[in-house]
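Structure first, commentary second.
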Amino acid sequence: MMKTILKTLLNIILYPFRIVWKVLVSLLKRFKFSIAFKISASYFFLYIFIIVIVAAITSAGYLINEIHKFEVEVISEDVEEIISIFPNMDNYVKDDRISSVEIYDSSLNTVYPTNSFERYADNIIVVAEKLISRQEYIYSSVFYYNNSDYYMNLSYSVKGMLKDALWISMLVLASGAIGMFFFVPIVSRTSYKLIGPIKNMTEITRTITVNNINTRLDIKGTEDELKELSQTFNEMMDRIEEGYKTQQQFVSDASHELRTPIAVIKGYVNMLDRWGKNDKAVLEESITAIKNETDSMQDLIEKLLFIARSDKSTLMYNKEDFKISIMLNEIEKETKMIDTKHKLYFKFYDDATIYGDPKRIKQAIRILIDNAMKFTPQDGYIMVSAYMQQDYYVIKVEDTGIGIEKKDLEKIFERLYRAEQSRSKEIGGHGLGLSIAKIIVLGHKGKIRVKSTPGKGSEFSILLPYIT
Ligand code: ADP
């Protein structure tokens, strides 16, 4: 019973503290998580600081002014009177306003009153100290009497003035407090308005998915840093959208490329099903066609896998130091064996040791030579040359083929891109060769370049850094 009463009593006593604690915690939380609240709080503290300073300056100014007036109107008269009767101070009748009069000789020993132990005070710190502790103003002055200097301290009670000064500061503080009723809502509304665009941005950003990837932030309105942020965000979204679209286009193009050979194979399988069992010619034709299509599909899938691996950064190169001349000689031999339709020239001027994956580098050079073969009519020239040029070893493949239009030149390294005139069935290709060559060359810190004149021929160069 006693315990419960004690507990209830304790709860009642602690209740106000609990409320204060809760308010403090909630304020701290808001301070931590809300920029608008932080801005409002900073302005609020600044406002209080200014009001306090204004109150202090106003009352100090009032006090200084009143004391000055008092010095001119009252004290100077008292000083004159004292000097006029000095040293017969016994005749002096102290005015009520004056709390005390002390006179010192040139060695600052008290002359009047004789029983005084007060020290001569003329510095501002002592004056201020007396003003605060005793609410008295000490006036000090020097006068000359009988060939000697005398010092005088007159103390006046300034209780009234101090009270007025305090009232003035109270008034200023009170008007500041009234001003706060207008100031706080205005400041908090302004800061929430200022932060509004960020809230808006957060909300819009939260809703962006691949389905509405074209959503952008509203950048109308003022030209401030937030607009710059929104603009930068929108530009980033533009890039992401473009990349996403390219990726989607690639997937759709790749599916399309695969759909054609599958349709062809299906067609031949149907043909085989109907007539192929008995008709040897149909059988032969179907087998050849299916073989070609499956080869082409395998080639396409391998290329697509290569690109996908490169995108995922899982493409591995087995790099080693190797002599490029050995590889170039191999390529020359192989090309001469495959291609009997063109006039082939091979000119390797220098040899070099290269650090790289020989299989991949050979694949990249082969892609250029295969293209030269594909896009150069019969009896045209194909020339492969290799030499050192400054920091790079250059492998150049030139042909006198159909060439590439200017508008296509910047696109031929894109995935699945084929120039208009080369999209015939006989020429073949999926538009992936140059993308792969570029991936390989860049993977070896090299460069790939192209020059071409439509109708005259093309010149592709691979530049690879070499060791010696
Ligand atoms: P493809 O498998 O179609 O050859 P590539 O990526 O290797 O794909 O080449 C892309 C396109 O660049 C080709 O379709 C062709 O239009 C053009 N091209 C590449 N090499 C040559 C060349 N030596 N002469 C003319 N056009 C070329």
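This chain uses plain numbering: 1 for the first residue, then up along the sequence. Numbering of ligands and ligand atoms starts at 1, following listing order.
- Listed by number with element, the atoms of ligand 1 under 4.0 Å from a non-hydrogen atom of Ala419 are 14 (O), 16 (O).
- Counting atoms of ligand 1 from 1 in the listed order, those under 4.0 Å from a heavy atom of Leu432 are 6 (O), 8 (O).
- Remark: ligand 1 and Ser435 share no N or O pair separated by less than 3.5 Å (distance only, no angle test).
- For the residue pair Asp391/Tyr466, the side-chain donor-acceptor check at 3.5 Å is not satisfied.
- Counting heavy-atom neighbours within 6.0 Å of Leu24 CG, excluding the residue itself, gives a total above 12.
- Atoms of ligand 1 found under 4.0 Å from any heavy atom of Lys374 (numbered from 1 in listed order, with element): 1 (P), 2 (O), 4 (O).
- Interface atoms of ligand 1 facing Gly431, defined by a heavy-atom separation under 4.0 Å, are 1 (P), 2 (O), 3 (O), 6 (O), 8 (O).
- Atoms of ligand 1 found under 4.0 Å from any heavy atom of Ser458 (numbered from 1 in listed order, with element): 22 (C), 24 (N), 25 (C).
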### Task
Dump the intermediate steps for salt bridge (charged side-chain N to carboxylate O under 4.0 Å, His left out) on Asp311 and Arg415, then the final yes or no.
CA-CA 12 Å; Asp311 283 350; Arg415 293 154 188 200; 2.8 Å; yes
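- Every atom of ligand 1 with a heavy atom of Ile412 under 4.0 Å away is listed here by number and element: 6 (O), 10 (C), 11 (C), 12 (O), 17 (C).
- Using a 4.0 Å cut-off to heavy atoms of Tyr417, the atoms of ligand 1 that qualify are 10 (C), 11 (C).
- Checked against a 3.5 angstrom limit, the closest N/O atoms of Gly433 and ligand 1 fall inside it.
- Between the side chains of Glu398 and Tyr381, not a single donor N or O lies within less than 3.5 Å of an accepting N or O.
- Side-chain contact annotation: Lys323 with Thr353, donor-acceptor N/O pair under 3.5 Å present.
- Residue contacts with ligand 1 do not include Phe413, since none of its heavy atoms lies under 4.0 Å from the ligand.
- A cation-pi arrangement is present between Lys319 and Tyr317, with the terminal nitrogen or guanidinium carbon under 6.0 Å from the aromatic centre and inside a 45° cone about the axis.
- A donor and an acceptor atom, one from each side chain of Tyr137 and Glu71, are located under 3.5 Å apart.
- Distances between N or O atoms of Ile404 and those of ligand 1 include no value under 3.5 Å.
- For ligand 1, the polar-atom distance check against Asp399 finds a nitrogen or oxygen pair separated by under 3.5 Å.
- A donor-acceptor pair shorter than 3.5 Å cannot be found between the side chains of His256 and Asp253.
- Atoms of ligand 1 lying under 4.0 Å from any heavy atom of Arg418, numbered from 1 in the order shown and given with element: 3 (O), 14 (O).
- Using a 30° and 60° split on the angle between ring planes, Tyr387 and Tyr349 fall in the perpendicular class, above 60°.
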